[in-house]
Amino acid sequence: MAATENTNEEVKKSNFIKEIINKDNEENIYGGAVATRFPPEPNGYLHIGHAKSICLNFGLAKEYNGTCNLRFDDTNPSKEEDEYVESIQEDVKWLGFDWGDRKFFASDYFEKLYDIAVDMIKKGKAYVCDLTADEIREYRGTLKAPGKNSPYRDRTVEENLDLFERMKAGEFKDGERTLRLKIDMTSGYIVMRDPVIYRIQHTEHHRTGNKWCIYPMYDFTHCLSDSFEKITHSICTLEFENNRPLYDWVVNESGVGHKPKQIEFARLNLTYTVMSKRKLLELVKNSYVDGWDDPRMPTICGLRRRGYTPESIRDFADRIGIAKSDNMVDIAMLEHCIREDLNRRAQRIMAVLDPVKVIVTNYPEGQVEYVDAVNNPEDESMGKRQMPFTRELWIEKSDFMEEPMKKFHRLSPGMEVRFKHAYYITCTDVVKGPDGEITEIHCTYDPATRGGWSDDGRKVKGTIHWVSVAEAVEARVNVYEHLFTRENPDDLKPGEDYKDLLNPDSLSVIEKCYIEPFVRDAKPGERFQFDRNGYFCVDKYSDHSWITFNRIVSLKDSWKKVAEKGN
RNA sequence: UGAGGCGUCGCCAAGCGGUAAGGCACCGGGUUUUGGUCUCGGCAUCCCAAGGUUCGAAUCCUUGCGCCUCAGCCA
């Protein structure tokens, strides 16, 4: 290999899971195969934490030339809905992953699972238990005290078979009986204390309808489904570490043959947001946000509507890595990823969000002149556009100071600045309304500086953006901030509720701002950089008569820091 | 005197007995028709603590300490 190994191939980071896979491959545990799966329960929308898992599982499959299945873990009909299976597929696709023809449902295995359960009964490894939920809890013992055997533990195989059959037939009411595994009521692993594997639930299932009234539980279903699908590495989050002995027990004792390896990694936590499905659901149901795809939500659809790109989310997943220690990733990392992506790709335009009027007194009234504007200084191939320049212009209030503070090199009386792509402009006068607020800023322009440049070596420190009053497009802009005010909204003081920490300023709507005419035909989903301000995306529900933009993320603003210090 | 995990820079995270990668954030300098980008430089004599083994330890061994998870007929 040549010394100049500078290919554009990405250098993929390693992690402990890859090390396990590499070792398994060396020892030929799975014949070199790598088969993963992404197993969501269709009871909610996917969020950025799921994106981490999706990138991991599909990424591993791609890297090792293996496969990744999409499997819906739909064993609890009371929580699951088709709406969610649709949204999950849409989100996985949008992130850029393809499960091909490997879409499965745990519910497709109900028959097989039932047969295995019957077989477990026959082998004396499972029994029907008549204890109530409360009694089961009592018998289970506590973290420190061992449990005790159920009085129904020693029923005969025949009786168990008969009872289980009748459970299936619908002879009993919800909760009346369960099927339990006969393992060890004294185990330090609570999950090994004769776990319930079937419960009675007379509920219609989103796929199997009313065919079943008994449903298998996670610990029984998941590992067997993995085995059926010949999954090699079953990757899940840390809280399932305690379930691993049971996972292995079921796979071993059921005699299914193929034995996947469960590996646990740490789930993602992000600052200033929450990730639990329960909380996200509550925010939606109680209208704290405007639906699952509210641009403030950490859901995939929320990020999509906000304007995040799939590339930026995948990049984020790569950067945060995979490990086993609990973590809280700074949301600034995510913001960095989208800025980096959009800096490269986004069309620049000028938009004035908080306007004040400038009148160029020596510019002819009624004249419209078009100046060239670079579309993206990072990518010359994106070309140029033309911007109308007129006598009356909008600029940002924050770009003018009547009495400039130190280091302020924007517009102020007597100060010459560059109106980007247009002319050098000098402020000559300020007009105020009766209450003292500035209503007009009078300026002159230097015709010799067209394009915003002069050859005489004149130094112009400031460059500001502007929009022609006569030619401006009016638009609405949604400015988003963090959803919560506390870095970790799960870290509550006594008496607090996480909803108390919702940021009242997480959304500010600017009903009317002025944008250059280039955006007139912008389509929902289109992204732009508003010069010197940030990245914005046309909202999915935007209407052509009044365009709505969502702020994806601001540009970094080092001036803000200086200004705040100066005050 | 239940069990299973985890502890490396403010936040992620490499490191696998040979003398602390990288990214984000932050702080400085340069370039700049975005106070953006880019670029240059700074940012852990130290790896939860204390002992021990070793020529040599973040890495091995002890003993502590801290944090997370498990007592749903949820997943």
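Letters A, B, ... mirror the listed sequences (proteins, then strands); counts begin at 1. Hydrogens, waters and symmetry mates play no part in the numbers below; they use all other heavy atoms, side chains included.
Distance from the side chain of Y189(A) is smallest to rA3(B) among rA75(B), rA25(B), rA3(B). Nearest nucleotide to the side chain of M333(A), out of rU34(B), rC24(B), rA75(B): rC24(B). For E241(A), whose side chain is taken as the heavy atoms from C-beta onward, the closest listed nucleotide among rA71(B), rA75(B), rG4(B) is rG4(B). Distance from the side chain of P377(A) is smallest for rU34(B) among the nucleotides rA13(B), rU34(B), rC74(B). Checking rA71(B), rA3(B), rU34(B) against every side-chain atom of R348(A), the shortest atom distance belongs to rU34(B). Listed nucleotides: rU34(B), rC27(B), rU69(B). Nearest to the side chain of K561(A): rC27(B). The nucleotide whose nearest atom lies closest to any side-chain atom of Q201(A) is, among rC11(B), rA71(B), rC74(B), rC74(B).
Annotation: H205(A) is in aromatic contact with F110(A) [ring centroid separation under 6.0 Å]. Ring to ring, F389(A) and W466(A) are close: their centroids are under 6.0 angstrom apart. Between F164(A) and Y198(A), the gap from one ring centroid to the other is short of 6.0 Å. Aromatic rings of F72(A) and F105(A) (six-membered ring for Trp) have centroids within the 6.0 Å cut-off, being under it. The aromatic ring centres of Y114(A) and Y215(A) sit 6.0 Å or more apart.
The phosphate of rG72(B) (OP1 or OP2) has a side-chain N or O of R140(A) nearer than 4.0 angstrom. Of the side-chain N and O atoms in R199(A), one or more sit less than 4.0 angstrom from OP1 or OP2 of rC74(B). Using a 4.0 Å cut-off, some side-chain N or O of H336(A) falls inside it from OP1 or OP2 of rC24(B). Look at S325(A) and you'll find a side-chain N or O under 4.0 angstrom from OP1 or OP2 of rA13(B). At the phosphate of rU37(B), OP1 or OP2 sits under 4.0 Å from a side-chain N or O atom of K556(A). Put simply, R319(A) has no side-chain N or O that comes within less than 4.0 Å of OP1 or OP2 on rA25(B). OP1 or OP2 of rG35(B) lies within a sub-4.0 Å distance of a side-chain N or O belonging to R532(A).
In this model, a side-chain donor or acceptor of N242(A) finds a partner on the base of rU69(B) within 3.5 Å. The base of rG35(B) is paired with the side chain of H409(A) by a donor and an acceptor separated by under 3.5 Å. For E378(A) and rG36(B), a side-chain-to-base donor-acceptor distance below 3.5 Å is present, hydrogens and geometry of angles not being considered. Put simply, the side chain of E19(A) and the base of rC16(B) share a donor and an acceptor less than 3.5 Å apart. Taking 3.5 Å as the limit, the base of rU34(B) and the side chain of Q529(A) contain a donor-acceptor pair of atoms between them.
In this structure, M192(A) reaches neither bases nor backbone, as no heavy-atom distance under 4.0 Å exists between it and the strands shown. When heavy atoms are screened at a 4.0 angstrom cut-off, K560(A) is found touching no nucleic acid atom at all. Within 4.0 Å of N327(A), counting heavy atoms only, lie sugar-phosphate atoms of the nucleic acid but no base atom. Residue contacts shown for S558(A) are limited to sugar-phosphate atoms, with no base heavy atom under 4.0 Å away.
Summarising the geometry, the separation between NZ on K324(A) and P on rC6(B) is reported as 5 Å, rounded to the nearest angstrom. M275(A) has its CE atom 18 Å from the C1' atom of rA75(B), to the nearest Å. Summarising the geometry, the separation between CD on E41(A) and P on rG72(B) is reported as 18 Å, rounded to the nearest angstrom. Taking atom NZ on K420(A) and atom C1' on rU37(B), their separation rounds to 11 Å, with Å as the unit. R410(A) places its CZ atom 10 Å from the P atom of rG36(B), with the value rounded to the nearest Å. Atom-to-atom, CG of L113(A) to P of rA75(B) comes out at 12 Å; the value is rounded to the nearest Å. For the pair I331(A) CD1 and rG23(B) P, the interatomic distance rounds to 22 Å; values are reported in whole Å. Protein atom CG of L353(A) is 14 Å distant from nucleotide atom C1' of rU34(B), rounded to whole Å.
rA3(B) is paired with rU69(B) under the Watson-Crick or G-U wobble criterion, all donor-acceptor distances under 3.5 Å. rG41(B) and rC27(B) make up a base pair, with Watson-Crick or G-U wobble contacts both under 3.5 Å. With a cut-off of 3.5 Å on both pairing distances, the Watson-Crick or G-U wobble partner of rU62(B) is rA50(B).
When the C1' atom is used for both rG15(B) and rG41(B), the distance is 25 Å, rounded to whole Å. Here the separation of rC70(B) from rG51(B), taken at their C1' atoms, is 33 Å to the nearest Å. Taking atom C1' on both rU8(B) and rC48(B), the two are 10 Å apart, rounded to the nearest angstrom.
Among T75(A), L113(A), L179(A), the single residue meeting the side chain to side chain contact (heavy atoms under 4.5 Å, CB included) criterion with F220(A) is L113(A).
Glycosidic conformation of rG17(B): anti, with the torsion beyond 90° of 0.
Figure legend: cation-pi geometry between R180(A) and Y127(A) absent, as NZ or CZ is not positioned both under 6.0 Å from the six-membered ring centre and within 45° of its axis.
The two residues N327(A) and L268(A) come nearest to each other via the heavy atoms OD1-CA, 4.0 Å.
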